[in-house]
Amino acid sequence: MRQHIARAPAKVNLQLSVGPLQDDGYHDLVTVFHAVGLFDDVHATAAEPGAGISLSVTGVQRDLVPLDSTNLAWRAAQALANHAGVDPDVHLRITKGIPVAGGMAGGSADAAAALVACDSLWGLRTPRAELMEIAATLGSDVPFGLHGGTAIGTGRGEILTPVLTRSSFWWVFALAEGGLSTPAVYAECDRLRAGSAVAAPMLSGPLMSALRSGDASEVAKNLSNDLERAAVSLRPSLSRVLGLGEEYAALRAIVSGSGPTCAFLARDGEHALDLSVALSSAGLCRTVVRASAPVPGAALV
Ligand code: ATP
C-alpha cells in the first residue's frame, strides 16, 4: 500500500516580542520564525471506509503525545476532510524528532505535515493558500510549519511575511528532560510584568539587517525572546544551561520560544560540532542535537 509521508521542521524564534495581555486573553506578537533542520514525519495510510482517524506515535518521547482527537495532527486531518467534504479515513503515524512541549512547535509541525500527507493521500491538490487558511484555524504556529524558511509572524504569529536570509546558520539545541506548558509560560510572563507598562511589540531592524547580511555574529547580537525570563523563572536550571553557551564560546544562547529547549548559535558547522560535544559532556540536558537553518516547510518526502 502506498504511503504518503510528509516531513515538517521545528522552529526557533529569532525574535519573540510579546505585547500586553489583551482582553481576549491573547497577546499581540511580533516574532521572527526560523525553521531548523530538526523534523517530525507524518505517514498517512488509507483506512477502511468509515474507520475514521487513528493515530500512533514513535520516538523517545512518544508517551508524552496524545493519541486522540486532541492531537494537532488528528485535528489537521479532520479539518482538511471537512474543508474538502471527504470522509476522514486515515491512519496517521507520527515519528517525533522534535522535542515535545519543548518550545519548538512540534505539535504545529505535525499538523502542517498531516495537512500535506492527507492532501496527498486523498488526492485533493488543495491550493497552498487554502492549506494556509486551514492551518491558521489549528494554531498560530501551524501556518509557519507549512511555510518554513525564515518569516516574520504578526497577529498571534499566524500572519506571515517571508524574510530573505543570505546564508545558512548552524544551531545546537539542548533538549531538556520534560517540557514546559506554553500557556503557563505566558502566564508567568504576565505575572513578572504585572504593574509595569508593556510597549506594543516592534520588529527589530538590526535583526533584519543581520539576516540580510548573513553575518551570524550580528544575528547573535540581535536575538531576543520576551518569554525567556518566564521560562527560566519556571525552570531555574535553564540559567545554568544558558551559561554553558558563554563558557563554550557559542555566539549566543537563548531559550527557544516558550522553552525549555535552549538554542545556541554557532559560527559554522565545525563550531556547532565542537559545541555539541562540549554541551553533551556537561550532562545538564537530556540530549544535544545540531541543525542548520533555515529549511523548507512541510513537504512530501
Ligand atoms: P509551541 O512552541 O508551539 O507552543 P511546544 O513546541 O512547546 O509548542 P508541542 O510539542 O507542540 O509544544 O506540544 C505541546 C502540547 O501539545 C503537548 O504537551 C501535547 O500535550 C500536545 N500535543 C498535541 N498534539 C501534539 C503533537 N502532535 N505532538 C506533540 N504534542 C502534541
Side-chain angles (χ1 to χ4, degrees), residues 6-16 18 26-27 29 31-36 38-44 53-79 90-118 135-136 138-147 153 156-158 173-189 225-228 230-231 234-235 238 254-263 286 289 297-298:
R7 172 167 294 176
K11 59 83 186 163
V12 62
N13 302 76
L14 305 179
Q15 174 183 354
L16 180 45
V18 180
Y26 285 90
H27 302 80
L29 300 181
T31 189
V32 179
F33 292 113
H34 193 53
V36 303
L38 197 62
F39 301 97
D40 281 357
D41 286 348
V42 175
H43 302 230
I53 302 172
S54 60
L55 191 141
S56 60
V57 181
T58 60
V60 281
Q61 290 191 304
R62 62 187 172 277
D63 294 347
L64 304 177
V65 179
L67 297 177
D68 58 14
S69 62
T70 64
N71 191 298
L72 272 173
W74 181 307
R75 289 183 46 215
Q78 184 69 60
V90 60
H91 179 73
L92 299 172
R93 181 160 59 84
I94 304 175
T95 308
K96 297 269 339 156
I98 305 174
V100 177
M104 300 194 80
S108 301
D110 297 348
L115 288 175
V116 171
C118 290
L138 297 165
S140 39
D141 290 348
V142 183
F144 181 71
L146 279 176
H147 188 284
R156 290 175 190 168
E158 80 288 11
F173 296 97
L175 313 192
E177 204 66 68
L180 272 176
S181 143
T182 304
V185 175
Y186 273 96
E188 181 66 359
C189 177
N225 180 0
D226 282 356
L227 293 180
E228 181 161 306
L234 294 177
R235 185 75 67 85
L238 291 184
I254 52 163
V255 168
S256 175
S258 54
T261 304
C262 292
R286 174 170 64 83
V289 291

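Only this structure's heavy atoms are used, side chains among them; waters, hydrogens and symmetry mates stay out. As the structure lists them, so they are numbered: ligands from 1, and atoms in each ligand from 1.
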Heavy-atom check, side chain of Val90 versus side chain of Cys118, under 4.5 Å:
yes
Test of understanding: given a 4.0 Å heavy-atom threshold, classify the contact between Arg75 and ligand 1 as side chain, backbone, both, or neither.
neither
Where does Pro66 meet ligand 1, judged by heavy-atom distances below 4.0 Å: at the side chain, the backbone, both, or neither?
side chain
Would Ile94 count as a polar contact of ligand 1, with the cut-off being nitrogen or oxygen pairs under 3.5 Å?
no
Taking the side chain as every heavy atom from C-beta outward, state whether Ile254 and Glu228 have any atom pair closer than 4.5 Å.
yes
Under 4.0 Å from ligand 1, counting heavy atoms only, is it the side chain of Thr70, its backbone, both or neither?
backbone
heavy-atom search around atom 3 (O) of ligand 1 in the protein gives Asp141 OD2, 2.8 Å
Do the side chains of Leu92 and His43 get nearer than 4.5 Å, heavy atoms only?
no
Closest to atom 30 (N) of ligand 1 among protein heavy atoms sits Val100 CG1, 4.0 Å
Protein residue, atom and distance nearest to atom 11 (O) of ligand 1, heavy-atom basis:
Gly107 N, 2.8 Å
Could you tell me, atom by atom, which parts of ligand 1 come under 4.0 Å of a heavy atom of Met104?
2 (O), 6 (O)
Considering only protein heavy atoms, determine whether one is less than 4.0 Å from atom 15 (C) of ligand 1.
no
For Lys11, the atoms of ligand 1 under 4.0 Å from one of its heavy atoms are 2 (O)
Any atom of ligand 1 sitting under 4.0 Å from a heavy atom of Ser181?
no
Measuring from the heavy atoms of Gly103, does anything fall under 4.0 Å of ligand 1?
yes
Below 4.5 Å, heavy atoms only, C-beta onward: do His34 and Gln15 meet side chain to side chain?
no
Quick one: which ligand 1 atoms are inside 4.0 Å of a heavy atom on Asp110?
26 (C), 27 (N), 28 (N)
Note: ligand 1 atoms sitting under 4.0 Å from heavy atoms of Pro99 are 10 (O)
Beyond-backbone contact of Ser69 with Gln78, side-chain heavy atoms, under 4.5 angstrom
no
Based purely on interatomic distance, does Ala101 place a nitrogen or oxygen under 3.5 Å from a nitrogen or oxygen of ligand 1?
yes
Looking only at side chains, do Ser256 and Thr261 share a donor and an acceptor under 3.5 Å apart?
no
Given side chains that start at C-beta, do those of Asp110 and Val65 come closer than 4.5 Å, heavy atoms only?
no
Less than 3.5 Å between some nitrogen or oxygen of Leu72 and one of ligand 1, yes or no?
yes
Heavy-atom distances under 4.0 Å decide this one: backbone, side chain, both or neither, for Thr182 against ligand 1?
side chain
Can you find a pair of side-chain heavy atoms, one from Leu115 and one from Leu146, that are under 4.5 Å apart?
yes
Output the list of atoms in ligand 1 that are nearer than 4.0 Å to some heavy atom of Lys96, sorted by atom number.
28 (N), 29 (C)
I'd like to check whether Ala73 has a polar contact with ligand 1, where a contact means an N/O of the residue lying under 3.5 Å from an N/O of the ligand.
no
Taking side chain as C-beta onward, heavy atoms only, is Phe173 less than 4.5 Å from Met104?
yes
